[in-house]
Amino acid sequence: MPTSQRPGAEAPEDILAEAIDPPAHDAPENDATSLTPRSRVRTRVGRASTAVRATSQRSAVTRPVKAKKRMAKPVRSLVILTMVGGLVATMAIPAFAATGTLDDSKTLQQVAADNAQTLVVASDASASQITRESYSATTQAEIDAKKAKKAREAAAAAAAAAAAARARQTASTASSTFSGNYVMVAPGSGQVRWPLLTFIKGRGLWDSGYHQGQDLLAPAGTPIYAAAAGVVRVSQESFGGYGVCISIDHVINGQNVSTLYGHMTYGTRMVQSGQTVVAGQMIGRVGSTGRSTANHLHFEVHINGQVVDPWIWLTTNAG
């Protein structure tokens with residue numbers, strides 16, 4: 001249906017176009033005072049359209065940025081899940097591979113049987129039963145009893161060995177013992193005297209297999225006398241196991257005799273080496289020095305370098 005249009009009136013599109021894009025030479029005239037009410041409306045509509053197009057342009061620029069951000073989140077999540085899955089697989093696969101099934105497990109004997117060597121045994125070989133020679137006891141009391149029995153047997157064997165050693169030593173030293181005539185002077189002549197006036201007879205020659213003298217037991221401080229005249233060869237406060245000791249060399253009836261006095265008390269020696277003494281002269285006092293356990297005089301006699309039984313020598317010559 002044709003519409004009527006007033007003469008001189010412009011079409012709406014032309015009015016809108018003019019309002020949106022006014023010519024440059026018309027811009028100064030379109031101010032607030034020169035526009036009619038209808039022109040003001042058209043101007044506002046045109047400005048609104050311009051704002052809409054500007055907003056659309058900004059939205060078009062912003063939309064790709066937001067879209068990129070929305071796409072980055074799923075990609076990051078996918079990467080994290082992939083890394084976690086790889087880590088789990090790295091830890092689980094070796095452990096799964098290390099665990100074998102029950103059917104695949106083998107004992108050491110089975111493994112050795114696969115590579116076992118062949119042993120050829122001679123036809124005349126015979127099998128023998130291996131017996132256990134250790135303890136067969138099953139209780140602690142039986143074990144202790146067997147140990148005690150073995151200890152007693154070992155002690156008895158050690159004692160027998162010691163006795164045999166002493167016997168051998170006695171046999172070897174007996175050959176060096178003086179076997180001549182013990183009589184040197186007339187008994188009671190005074191040339192040979194007892195080293196102690198009162199005593200108790202103790203251990204004698206070769207007692208325990210090594211004792212080379214005669215022990216005369218007496219209280220500490222008892223006077224000790226020279227058994228015969230002679231020259232002092234040793235006079236020391238420490239002379240090996242003898243402790244305080246004096247040794248005197250004599251010549252009796254043409255034979256070289258030496259007498260020894262051991263275990264004397266410290267500081268009681270009354271003669272020195274090289275000094276001449278007479279029979280019966282006091283030379284010291286009884287003690288328990290050196291390898292000794294009680295007060296006594298250890299008295300030894302040697303004739304021409306051979307061991308002499310001191311008890312026999314004294315009873316024969318001193319009377």
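If you read the sequence from its start, that first residue is 1, and numbering goes on from there. Note that the structure is predicted; figures quoted are calculated from it, not measured.
Considering only heavy atoms from C-beta on, Ser273 stays 4.5 Å or farther from Arg233 through its side chain. A 4.5 Å side-chain heavy-atom check between His250 and Val192 finds every atom pair outside the cut-off.
Once rounded to the nearest 0.5 Å, the distance linking CG of Asn317 with CD1 of Ile312 reads 11.5 Å. Atoms CD1 and CG, on Ile224 and Leu297 in that order, are 4.5 Å from each other to the nearest 0.5 Å. Atom OH of Tyr242 is separated from atom OG of Ser247 by 9.0 Å, given to the nearest 0.5 angstrom. Note that CD of Gln214 is 10.0 Å distant from NE2 of His296, once rounded to the nearest 0.5 Å. Going from atom CD of Gln281 over to atom OH of Tyr225 covers 11.5 Å, rounded to the nearest 0.5 Å. Separation of atoms CD (Glu300) and SG (Cys245) is listed at 8.0 Å; rounding is to 0.5 Å.
Using a 30° and 60° split on the angle between ring planes, Phe299 and Trp313 fall in the tilted class, from 30° to 60°.
Among all heavy-atom pairs drawn from Gln255 and Ile303, the shortest one is OE1-CG2, 3.5 Å. Smallest separation of non-hydrogen atoms from Gln272 and Val232: O-CB, 3.2 Å. Considering every non-hydrogen atom in both Arg269 and Ser235, the closest pair reads NH1-OG, 2.7 Å. Nearest heavy-atom pair across Ala226 and Ile248 is CB-CD1, 4.0 Å. Taking every heavy atom of both residues into account, Val185 and Gln191 meet most closely at CG1-OE1, 2.8 Å. Between Ala279 and Ala227, the shortest heavy-atom distance links the atoms CB-O, 4.4 Å.
If you chain together hydrophobic residues whose side chains sit under 4.5 Å apart, Met270 and Phe239 never meet in one group. Hydrophobic clustering of Ile, Leu, Val, Met, Phe, Trp and Tyr side chains at less than 4.5 Å, counting indirect connections, keeps Val278 apart from Met282. Side-chain heavy atoms closer than 4.5 Å link hydrophobic residues (I, L, V, M, F, W, Y) into clusters, and following such links, even through other members, never connects Leu217 to Trp194. Both Met264 and Tyr266 belong to a common hydrophobic cluster when Ile, Leu, Val, Met, Phe, Trp and Tyr are linked at side-chain heavy-atom distances under 4.5 angstrom. Cluster annotation: Trp311 and Val286 are assigned to the same hydrophobic cluster (Ile/Leu/Val/Met/Phe/Trp/Tyr, side-chain heavy-atom contacts under 4.5 Å, transitive).
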(Q) For Phe199 and Thr222: C-alpha separation, side-chain torsions, deciding distance, then whether side chain to side chain contact (heavy atoms under 4.5 Å, CB included) applies. (A) CA-CA 9 Å; Phe199 59 86; Thr222 301; over 6 Å; no
Q: List the steps and the verdict of side chain to side chain contact (heavy atoms under 4.5 Å, CB included) for Leu314 and Tyr182.
A: CA-CA 9 Å; Leu314 284 172; Tyr182 277 77; over 6 Å; no
Q.
Would Leu260 and His298 count as a side chain to side chain contact (heavy atoms under 4.5 Å, CB included) here? Give the steps.
A. CA-CA 8 Å; Leu260 183 142; His298 176 82; 4.2 Å; yes
Q: Before giving the answer on side chain to side chain contact (heavy atoms under 4.5 Å, CB included), spell out for Val251 and Asn256 the whole-Å C-alpha distance, their side-chain angles and the decisive distance to 0.1 Å.
A: CA-CA 5 Å; Val251 177; Asn256 295 320; 3.9 Å; yes
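Enclosure of atom CG in Leu81 by more than 12 non-hydrogen atoms of other residues, nucleotides or ligands within 6.0 angstrom is indicated.
Not a single donor-acceptor pair under 3.5 Å links the side chain of Thr259 to the backbone N or O of Val301.
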